[in-house]
Amino acid sequence: MALCTSAAAPAAADGGRNTAKPTIVLVHGAFADASSWNGVVERLQRRGYTVIAPANPLRGLYNDSTYIASVLDSIKGPIVLVGHSYGGSLISSAAEGNPRVKSLVYVSALMPDVGENGMSLSARFPSPLGTATKAVPYRADGGISGTDLYLKPDRLHQVFAADLPESTTRIMAVTQRPVATTAFSEKAKAAAWKHIPSWFLVAKQDRAINPVQERFEAKRAGSHTVEIDSSHVAMISHPEAVTDLVLQAATAAASARPELPATGSTHDARTETALTGIAAASLIAGAGTILLGRRLRRPVP
């Protein structure tokens, strides 16, 4: 699915405070398409949020972040920007200079600083992903050529989605979208998380991005952090937890822009859920997920 949207409930006023619900933009990662967000989209729609899940071109950091920034330019009002895996690199760049982006949410994601890229972070924090991909040259019109990366079908379940049924991951392996190597080699020119409040979901069983890397990124950014027992594809295997974290960011964006915390804070899922209940709403959601078609949609409890 290239683009997923829903209509929002009318904005409400509360004592002069801005309580309009933000638009939530969900950016998928490598080897994936927007349907990987299906379970999260359904839950956010039921709560009256406008949701957009654009198609990530997966052609390189500069190209893709420019494209996502153009999507943001088409949106009126406050925005909560969510990125999974490689999508985290994109939201860090695309949000730069856009005052309507009030919150950033990272789901088992890349979160580079200026001058960093996916390759430099993975070299510092190795994971099994490095040996789980295969390179395939590609050509395009106009003399354009490059190299695409695919996940090896026999490694996908173990590295990316160990908490999903193998019958599901076999389909994901066949339907995955490749990502150009420039997605991980181009260096970040912006790091919007330095001045926009952020939330981070650490997937403790992630074998695509090292969980130690995820904790490092979240602490460096001062992100509001939650950890759950999940594979890399938390938005598929744990859509409720991801939705809850997105709602925390959305609630903060709708009421008042929060200050960046002085340091990162890590909680287990129980603690985070308790804090979410007090706050009123609850928890969030590209190096890569896998394409998940409409047939893989999970029923909403």
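- Summarising the geometry of L81 relative to A95, their closest heavy-atom pair is CD2-CB, 3.9 Å, with the distance given to 0.1 Å.
- Judged by distance alone, the side chain of T168 and the main-chain N or O of L164 form no donor-acceptor pair under 3.5 Å.
- Smallest separation of non-hydrogen atoms from S231 and A161: OG-CA, 3.6 Å.
- Listed for the S70 side chain is no donor-acceptor partner under 3.5 Å among the backbone atoms of I68.
- Nearest heavy atoms, P112 versus A191: O-CB, 4.0 Å.
- Judged purely by distance below 3.5 Å, without hydrogens or angles, the side chains of H232 and S85 pair a donor atom with an acceptor atom.
- Inter-residue side-chain proximity for M235 and S36 is flagged as met; some heavy-atom pair is nearer than 4.5 Å.
- With rounding to the nearest 0.5 Å, the separation of CD in Q205 from OG in S108 is 12.5 Å.
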Practice problem: Test I75 against R100 for side chain to side chain contact (heavy atoms under 4.5 Å, CB included), laying out the working first. | Solution: CA-CA 9 Å; I75 300 171; R100 287 175 293 108; 4.2 Å; yes

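- With a 4.5 Å cut-off on side-chain heavy atoms, T23 and I52 count as touching.
- Here the closest non-hydrogen pair linking F160 and A208 is CE1-CB, 3.6 Å.
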Practice problem: Take S65 and S93 through the test side-chain hydrogen bond (donor to acceptor under 3.5 Å, both in side chains) and record every step on the way to the result. | Solution: CA-CA 6 Å; S65 60; S93 295; 4.6 Å; no

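- The aromatic rings of F200 and Y106 lie parallel to each other, with less than 30° between the two planes, well short of the 60° mark.
- Interatomic distance, CG of L104 versus CD1 of I196, reported as 4.5 Å (0.5 Å rounding).
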Exercise. Mind running side chain to side chain contact (heavy atoms under 4.5 Å, CB included) on Q213 and L110 for me, showing each step along the way?
Key: CA-CA 9 Å; Q213 175 183 329; L110 295 176; 3.3 Å; yes

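- Contact annotation: the side chain of V82 approaches that of W37 to within less than 4.5 Å [non-hydrogen atoms, C-beta and beyond].
- The two atoms that bring A32 and G29 nearest to each other are CB-O, 3.5 Å, heavy atoms only.
- Between L58 and A30, the shortest heavy-atom contact is CD2-CA, 3.8 Å.
- Salt bridge annotation for R46-E240: absent, with no cationic side-chain nitrogen under 4.0 angstrom from a carboxylate oxygen.
- For the pair L121 and M111, the minimum side-chain heavy-atom distance is 4.5 Å or more.
- Using a 4.0 Å cut-off between charged nitrogen and carboxylate oxygen, D148 and R177 do not count as a salt-bridge pair.
- Judged purely by atom type and a 3.5 angstrom limit, T182 uses its side chain to pair as donor or acceptor with the backbone of R59.
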Quiz item: Between K204 and S230, is a side chain to side chain contact (heavy atoms under 4.5 Å, CB included) present by the stated rule, with each step listed?
Solution: CA-CA 6 Å; K204 293 193 288 185; S230 175; over 6 Å; no

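- Looking at M119 and S185, their side chains come closer than 4.5 Å, going by heavy atoms from C-beta outward.
- Between the side chain of N56 and the backbone N or O of V27 there is no donor-acceptor pair closer than 3.5 Å.
- Judged purely by atom type and a 3.5 angstrom limit, D113 has no side-chain atom pairing as donor or acceptor with the backbone of E116.
- In this model, no donor atom of one side chain and acceptor atom of the other lie less than 3.5 Å apart for N210 and S127.
- Open room surrounds NZ on K134; 12 or fewer heavy atoms of other groups in view lie less than 6.0 Å from it.
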Quiz item: Given the rule in the side chain to side chain contact (heavy atoms under 4.5 Å, CB included) test, do L149 and V136 qualify, once you have shown the distances and angles that lead to the verdict?
Solution: CA-CA 6 Å; L149 294 177; V136 178; over 6 Å; no

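- Annotation: the span from D33 atom CG to Q176 atom CD amounts to 12.0 Å, rounded to 0.5 Å.
- Under the 4.5 Å side-chain contact rule for hydrophobic residues, I209 and Y150 do not share a cluster.
- Of the inter-residue distances, the one linking S103 atom OG with H224 atom NE2 reads 8.0 Å to the nearest 0.5 angstrom.
- K102 contributes a side-chain N or O that, together with a main-chain N or O of P99, makes up a donor-acceptor pair within less than 3.5 Å.
- Between L156 and M172, some side-chain heavy-atom pair lies under the 4.5 Å cut-off.
- The distance from atom CG of L201 to atom OG1 of T225, rounded to the nearest 0.5 Å, is 9.0 Å.
- W193 contributes no side-chain N or O that, together with a main-chain N or O of A218, makes up a donor-acceptor pair within less than 3.5 Å.
- You'll find the side chain of T50 stays beyond 4.5 Å of the side chain of I24, heavy atoms only.
- Checked by atom type and distance alone, the side chain of Y62 pairs as donor or acceptor with a backbone atom of K187 at under 3.5 Å.
- Between V179 and F31 there is a side-chain heavy-atom pair separated by less than 4.5 Å.
- For K21 (side chain) and R47 (main-chain N/O), a donor-acceptor pair under 3.5 Å exists by modelled atom type.
- Side-chain atoms of R155 never come within 3.5 Å of backbone atoms of L151 as a donor-acceptor pair (strictly under, hydrogens ignored).
- Note that the CG atom of D163 and the NE2 atom of H157 stand 8.5 Å from one another [nearest 0.5 Å].
- Salt bridge annotation for R215-E227: present, with a cationic side-chain nitrogen under 4.0 angstrom from a carboxylate oxygen.
- Between F125 and F216, a ring centre-to-centre spacing shorter than 6.0 Å is recorded.
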